[in-house]
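Right, one structure below, let's go through it.
Below, chains carry the letters A, B, ... as their sequence lines are ordered, and counting in each starts from 1.
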Amino acid sequence: MKRTNVIADESAALDVITDGMTIALGGFITAQHATGLIRGLARRRVKDLTVIGSVSSSLEVDFLISCGCIKKLVTAYVGAESAAPMGPFFKQAAENDSIQIWECDEIIIMAMLQATMAGIPFYPVRGGLGTDLPQLNPDLVPFKDPIRNENLLAVPAMKIDVALTHASIADCYGNVQYDGNPYADEMIQKAADQTITSVEKIVPPEFIRRDPFKTVYTADMVVRMPFGAHPFSSQGAYIEDTAHLNEYVMAAYMATKGDDVSWETYRKRYIDEPEDHLSYLEQVGVKSLLSLHEY
Amino acid sequence: MKRTNVIADESAALDVITDGMTIALGGFITAQHATGLIRGLARRRVKDLTVIGSVSSSLEVDFLISCGCIKKLVTAYVGAESAAPMGPFFKQAAENDSIQIWECDEIIIMAMLQATMAGIPFYPVRGGLGTDLPQLNPDLVPFKDPIRNENLLAVPAMKIDVALTHASIADCYGNVQYDGNPYADEMIQKAADQTITSVEKIVPPEFIRRDPFKTVYTADMVVRMPFGAHPFSSQGAYIEDTAHLNEYVMAAYMATKGDDVSWETYRKRYIDEPEDHLSYLEQVGVKSLLSLHEY
Amino acid sequence: MDYHIKELMACRLSRELLDGEAVGVGANFPIARAATLLAYYQHGPNIKVTMGAFRVNLENADQAMNMAFFSDFRPVRWAESAMNFSTQMYSFHKLDTFFISGIQIDAHGNTNLIGIRRDDGSFKFRGPGSIGTTTLAAVARRYYIIAEHHNPRVFVEQCNVVSAMGFGDGTPGLREELNLPGAGPKLCVTPLGIFDFTPDTHRMRLHSLHPGITLNQVNENTGFRVEIPDNIIETDPPTARELKTLRSRVDPNGELR
Amino acid sequence: MDYHIKELMACRLSRELLDGEAVGVGANFPIARAATLLAYYQHGPNIKVTMGAFRVNLENADQAMNMAFFSDFRPVRWAESAMNFSTQMYSFHKLDTFFISGIQIDAHGNTNLIGIRRDDGSFKFRGPGSIGTTTLAAVARRYYIIAEHHNPRVFVEQCNVVSAMGFGDGTPGLREELNLPGAGPKLCVTPLGIFDFTPDTHRMRLHSLHPGITLNQVNENTGFRVEIPDNIIETDPPTARELKTLRSRVDPNGELR
């Protein structure tokens, strides 16, 4: 008997995620999203997903909304900071009530992840008392602590089917390492039933074992996806593609104002027509990709 | 104005800890205790300490008990595994009721640390229901969770004055890195008001900045103490001194059986008479110290 | 000396920060970042400065960089540690201070990053989301509200949605009653002036007017009745030393101008 | 073939572990460690094997090492990851199984690592402490009790102190009622035999006698009435292949002999 090799190809990984599932996305705002895989979900028009968006999330959530994939969204932010204060489709969907939003801040979402990964029904927090969050999100339950009788908010655990993360390297056994900050990916992985991780590079197990303390978690499935976070940054590999972010934001913004032309063009070129991640990268082009160095 | 240099000498560090304080010890069982500093507390006969013993602790807690330093002990284990199933003085003190024991298991102690570091009054756990722990430790309060009405145990936070940890390297600004596993030291540091860390080696800030992701926390005070964990291991530097552990265990065991001679000799030679850590190491001897290699 | 109003706001805020404090700054918040770095260079070498998820040592950095994105990797060049989200997100109560903004800021220092609802509860206008502010406003020892624009749309009697609680409805002792460990907003800094809160009912009160600004301008641009003290003082303008450090080391690209 | 009783216990236990399972093993617990490694080499290349705080890959290790101390650093040579206590200690409910022992083991599979009290509540005999067992016994999917010694002092009707709950007083559904996610102890493995628990009241029941052991020996050495099934089977002794792997790769220094 041999130990299982967990390297999968893109389409096998995408097959895992089906309509109605709850998925958690790794990364943080404009970094380290498994954008290649998430784009695949958008292309396939997977439906009725509950999406837990990377504590604070960005345009990967925005295009999932645009492609009709999201039923319920759990996140503290959708935007791209200086490139876009808000995701245009997120704003539109929130104003049209076309998605459910599980209102929270970053610490409340982390509390949900902590409860889930610890196998306990809830985690107590202080933030949110005296705000409108418990009214907007009835899952957040005010209660008195059983020891000092203080006011707290109970944040419930959530069942998470699949975590989608993006990292620097992994080996064929799923041991994942980051050249930068894993942000909340460790919690996300531990809270989910199953984790699929796209990586810049697959390395021999011997490379992982050079520094076992760098291994953040062991994924159930690993997909090789160079530039897999594009147009976001992948720490230690490339920075944000600001031009591409701007192109997206402009097209999406126009679409929410009633002018679909640029967005249709964007969506066809970058989401729908490329049959896989490499074809997407071909659309972006080598010159753009290689201009995203960090120095 | 210049940034503060946090390197302190041994006696300045020990001065921080006074009678009646609550201190938390880093490391795990037979590794990575700040034994040099803890020995200093024993030599000084600091009194009435509440000691949170490294999740699961070892003979450093045992000699603190013997020297009359501990009023209340929070730990899930006191022993040295194959070298001693239990700390002899711990066993004696428990049987004589001469110290209070805050009964818990490792996850309950971690839950206490989590609550403390998160600034919340308690953390909910499942383990302990159906056992005698809540009876032995009335601080553990059974309650019903406010969301799913499940049975849980509330583990309260604790105010921790000082954490004492031992690491591989630190710089003059207190940035601490480990060549091995930090075990629960990060939680312990975050849960305490102040952290004093002994290190094998002090390095320039530039060395720390070579890999900022390796920095586990920033200590408030750093003390240079090569072989500072002896007779325990310091990962990446030296293994346990099994001969010394056996010498301790034999002497302590005999003392609890009424024969004080060996223990008096041990205590004088290793705890009371060496005026500082380097004098202690002189007693241990170069040959012993340098035999503790890892290959 | 000539300065931009945002430079004044940054200089004024920098004087609030004490040496050794732990200060949280988000990305894309130039006034807050400039205030923190300026305090660090002027009087606070032990201020715990973060750039994104990095704790940095900028002692030998000739010029800091702009942070267009929180996750920009490049401050790694100055980093001595990195925030571990899986353990550090819980320690926000150890922050001495942070900075907040809002699509609405109300008379009692509550802020709104979520949006504005119609009567039926649906959103007329949706904001970006709470980020970390809900918890930080509850637990950080104190904090500062920064408004880049001072107008009646932003400054309202009561936020339509409260995403971060300042002083609620102003009931004395409300934060203590809710067991919020932090003291709440200390000042609100706008292009017109500096505001604090009355000690009893925690209502926003003019603290100082920026040079050249009139009381009338404040009243006209605020959607609620501002408390006015007997003596109105003028905000101290940036000093030459502050401006020099600001322009040479903190904001060389002139983001604040 | 000649074997030691601890070798039999390890071989029997190893057959319980399925490929791919996450198995927790403490240090200084040679039978449990041997059972896990044996399962890994015999039929479970995907068993998640830990040595101390390391997850290890022993594929190319000619010989595993003894673990006299949990924190022994030297298994780093085979390590592919290390347990981060600050996040991983909470995930014990993801363990498929672990092994427990006790200074007392009772008729309903409860165990005691804390001690034995006098009537006034003070300790006549203090044990080492609960380590991680209180929580693991509550949350791991199932677990195995290992007793190196089978005598009436260890096997008691009721533990004087319960540090890890098996089936409490045997009330049907008690674990579910207490919302403990794990199924509790599956087997108890001793030098005399293998025991399981009756499905209704969860009382310890003989499952098989080791070769050469009589029912009388079991009854005489157990401090409570053991349930006896109609057909008593014999424990399958170690196979030649098991013993070969055990002695060459798992326990070359003969800790079990």
Which answer fits [X], side chain, backbone, both or neither, if we ask what part of it has an atom under 4.5 Å from a heavy atom of chain B?
X: D/Val139; result: side chain
X: D/Arg175; result: neither
X: D/Ala164; result: backbone
X: D/Leu180; result: side chain
X: D/Phe125; result: both

Test log, rule side-chain contact (heavy atoms from CB on, under 4.5 Å), inputs D/Ile114 and B/Leu136: CA-CA 10 Å; D/Ile114 290 182; B/Leu136 292 167; 3.9 Å; yes
Under 4.5 Å, counting heavy-atom pairs only, tell me which of [options] racks up the most with chain B.
options: D/Gly168, D/Ser163, D/Gly26, D/Gly166; result: D/Ser163
options: D/Gly129, D/Ala68, D/Ala138; result: D/Ala68
options: D/Gly52, D/Pro128, D/Gly115; result: D/Pro128
options: D/Ala53, D/Cys159, D/Gly132; result: D/Gly132

Donor-acceptor under 3.5 Å (B/Asp105 side chain, D/Ser130 main chain):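 Pair absent, no side-chain N/O of B/Asp105 close to backbone of D/Ser130.
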Chi angles and distances behind the side-chain contact (heavy atoms from CB on, under 4.5 Å) call for D/Phe70, B/Ser56: CA-CA 11 Å; D/Phe70 179 92; B/Ser56 271; over 6 Å; no
Residue-level interface, residues 238-248 of chain B with chain D, non-hydrogen cut-off under 4.5 Å: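 B/Ile239, B/Glu240, B/Thr242, B/Leu245 fall under the 4.5 Å cut-off.
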With a 4.5 Å limit on heavy-atom distance, are the side chains of [X] and [Y] in contact?
X: D/Phe85; Y: B/Met110; answer: yes
X: B/Leu133; Y: D/Thr134; answer: yes
X: B/Arg126; Y: D/Pro181; answer: yes
X: B/Phe232; Y: D/Ser71; answer: no
X: D/Asp72; Y: B/Glu81; answer: no

If you draw a 6.0 Å radius around [atom1] in [X], do more than 12 non-hydrogen atoms from other residues or ligands fall strictly inside?
X: D/Glu157; atom1: CD; value: yes
X: D/Asp119; atom1: CG; value: no
X: D/Arg153; atom1: CZ; value: no
X: B/Tyr253; atom1: OH; value: no

B/Gln32 versus chain D, the contacting section by heavy-atom distance below 4.5 Å: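 Answer is neither: B/Gln32 stays 4.5 Å or more from chain D.
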Region of B/Ile101 that comes under 4.5 Å of a non-hydrogen atom in chain D: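 B/Ile101 touches chain D through side-chain heavy atoms alone.
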Pairwise distance NZ(B/Lys144) to CG(D/Asn179) - rounded to 0.5 angstrom: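 Here the interatomic distance stands at 7.0 Å.
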Pairwise distance CG(D/Asn28) to OG(B/Ser82) - rounded to 0.5 angstrom: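 The distance works out to 5.0 Å.
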Would you name the heavy atoms of [X] and [Y] that are closest together and state the gap between them?
X: D/Phe73; Y: B/Asp179; result: CZ-O, 3.8 Å
X: D/Asn160; Y: B/Asp132; result: O-OD2, 4.0 Å
X: B/Ala80; Y: D/Phe69; result: O-CE2, 3.4 Å

Determine the option with the most heavy-atom pairs under 4.5 angstrom with chain D, choosing from [options].
options: B/Asn181, B/Asn96, B/Asp97; value: B/Asn181
options: B/Ala111, B/Pro182, B/Gly127; value: B/Gly127
options: B/Gly27, B/Ala83, B/Gly130, B/Pro142; value: B/Gly130

side-chain hydrogen bond (donor to acceptor under 3.5 Å, both in side chains) partners of B/Asn149, counting only residues at least two apart: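 Scan of B/Asn149 (side-chain hydrogen bond (donor to acceptor under 3.5 Å, both in side chains), adjacent residues dropped) gives none.
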Distance-only donor-acceptor hits, side chain of residues 84-94 of chain B, under 3.5 Å, sequence neighbours excluded:
residue : atom : partner  : partner atom : Å
B/Lys91 : NZ   : B/Glu95  : OE2          : 2.8
B/Lys91 : NZ   : D/Arg126 : O            : 3.3

Results of salt bridge (charged side-chain N to carboxylate O under 4.0 Å, His left out) for D/Lys186 - residues two or more places apart only: D/Glu16
